[in-house]
Structure formats: structure tokens, C-alpha cells
Amino acid sequence: MKQADLIWMNGEFVKWEDAKVHVLTHGLHYGTGVFEGVRCYDTEIGPAVFRHLDHIDRLFKSAELYYMPIPFDRGRLRQATLELIARNGMRSCYIRPIVFRGYGTMGLFPLDAPVDVTIAVWEWGSYLGDEGKANGIRAKVSSWRRISPDSLIPHAKATGQYLNSILAKIESHKAGYEEAILLDDHGYVCEGSGENIFVVRDGRILTPPQTASILDGINRRSAIQIAGDLGYEVVERDIARAELYLADEAFVTGTAAELTPIREVDDHPIGDGRPGPVTRAVQTTFEDALHGRDERYRHWLDPVPVAAKPPAAVA
């Protein structure tokens, strides 16, 4: 992880090392925050943020679900992000906007705590590694179930909820796997610790529905559209655990992981243990979309304006 020079905090650009919060920040104690994971790519039209407005919209919806009015409008956050990337001189980066209850009150009633907004950018490679993107990862079905909509809000990308994913991630890591797959509270396949999941069976692409406690992934939406444009049938339905083992192919999508094949689940090889032709076709077009190489998806890119060069130092 290569840090940037500046971070945007509550309307101001501050130095990376000065970006601090109080130890009694409400979100630190109670997980009262929502966030997004976004990426900027060095594309054929210059640095551009992938599906930027979709991510900002989901951030606002997550905040609304947890009663956190964001004190800036969508346009302000978009412009702040683009300017932050430009000021840091980055061609590609990971982007983390986060909205959280700040310092001001303690206790479980949060509405008197201020709502703070921060945007950070840094250089970050593929979450599951370049080797994983090329040859697939080994995954383990976690003993931890995905949070139930009876208890929390799976559709919100909320900070405290990720303790669920962290437990699953640590479990899979300690068992020697690259990723965890969580089942929902009914025992159906839900998602990875930070990705949506797809299974290929008999030429059709299957993915869990919105009712399976998934996060409504923006890269999931992108993969569904791309797969349809390539002529594949995509079916959103409940997926039994055994269908993972019986799959011809499988892959995950997410902003951090991008599109990564799965080659093995619970020591069962998927297909012949290598990324299959459907996965490769969707992955190739997906990568073209991310990097501006496919005109059909150029509208998903939000170009970063060129930053003005700082004035020359006085001798």
C-alpha cells in the first residue's frame, strides 16, 4: 500500500499524516459508519474512476439506512474525489470514501454525534493478488454465516457489519485458503468476505439474488451486464452449497478483487481446476471496460481532470 500526500476531510484537503480523529469518535466504538470501495484506472482516456456516480449513490443510500445525513451533496463528493486524485498526481488508485459518526457523544443513541466525511486514496493492487486473477483462488465455505436481515442491513455497506467478513476471512486464512465463502441464514450460498459470487453450470451463469443477504455489488451489476452482452444467460437464484462443488466454473467480483476466478472450494476442484472459458470471456471484457478499451462501457468511466502543476520554487 503506497500512501498519498493528501486526504479530504470534511471539506478540506489535509496532509496524510495529519488526517486524525478523536479517540472517542462514535464510529470507532460502535461501528456507526458507512463506506465505499472505488477504483480509478489509468485508461485510454486518462485516469478515470469506474462507475463513480453509482458508488456515490450507494454511499448515500447506506447512510440513509443508518440515519446518517451526509452534510455534502453528491456533486461535492464527486468533485472532491476527482480533485484529490489529481492533487496526489495518481494515474490509478483505490478510493475510500467513509461517512461516520464523529466525536461529540457516547452511548448507543447516535443521533447527537456529528456526521464526518473523509475520502482517502492510495495505490493498491488486486485484493486477491495477480496470481489469483490469472489462475484462480482456493476458497473455503466459512463456518460463519452472513449477517441476517433480521439483525442488520446486508444491503448497507456499513463499517461495523464487516466484523462478520473479518471472522470468515481470518478463518479461511488460518486454514490455508485465499478466501472465504459465506452462506446466508438459510444455508444458501451468499458471497465472499468482500466479493459477490458467480457459478457457471451447463453454460448458464448463476448468482445469488438480492434476497440472499448479499451486498448489491456494483461490479456484480457490471459483470451481469457484460455477461448478457456476450450472450450468456444470467440467472439470479438461490444456490445450494453442493452446487459450488458441482460447478463447471466459478468466479467472484468486487472493487478490490475486480474479477477473480475460483479454482477450488473446500478442496473440490472447480471444473478442471483452471479458469474456464465463460469466466475468461467475462473477465477479459470486464478488464477492457475497467481500462476504457471497450467503447460500450466508456460511460462507466468518470475522467479525472489534469491537475495544475505547482509553481516553480523560487531560487
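These numbers come from a predicted model, not from an experiment.
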Could you tell me if D112 and T105 have a donor-acceptor pair between their side chains, going purely by distance under 3.5 Å?
no

Under 3.5 Å, is there a donor on one side chain and an acceptor on the other for D216 and Q210?
yes

Residues [X], [Y]: salt bridge by 4.0 Å N-O rule:
{"X": "K133", "Y": "E287", "answer": "yes"}
{"X": "K61", "Y": "D57", "answer": "yes"}
{"X": "R138", "Y": "D267", "answer": "yes"}

Give me each pair satisfying ring-ring contact (aromatic ring centres under 6.0 Å, His included) with a member in residues 110-129, each pair once, sequence neighbours excluded.
Y94-W122, Y94-W124, W122-W124

Residues passing the side chain to side chain donor-acceptor pair (under 3.5 Å) test with E123, sequence neighbours excluded, are none

Can you name the side chain to side chain donor-acceptor pair (under 3.5 Å) partners of R204, sequence neighbours left out?
none

Gap between atom [atom2] of [Y] and atom [atom1] of [X] - 0.5 Å precision:
{"X": "M90", "Y": "I95", "atom1": "CE", "atom2": "CD1", "answer": "10.0 Å"}
{"X": "T118", "Y": "I98", "atom1": "OG1", "atom2": "CD1", "answer": "7.5 Å"}
{"X": "I137", "Y": "L128", "atom1": "CD1", "atom2": "CG", "answer": "4.5 Å"}

Check whether E171 reaches the backbone of A180 with its side chain - one donor and one acceptor, N or O, closer than 3.5 Å.
no

Other than [X], which residues form its hydrophobic cluster under the rule that side-chain heavy atoms must be closer than 4.5 Å?
{"X": "L167", "answer": "W144"}
{"X": "Y41", "answer": "I45, F50, F198, V200, I205, I224, I226, L230, Y232, V234, F251, L259, V278, V282, F286, L290, Y297, W300, L301"}
{"X": "Y103", "answer": "V23, L24, Y30, M106, L108"}

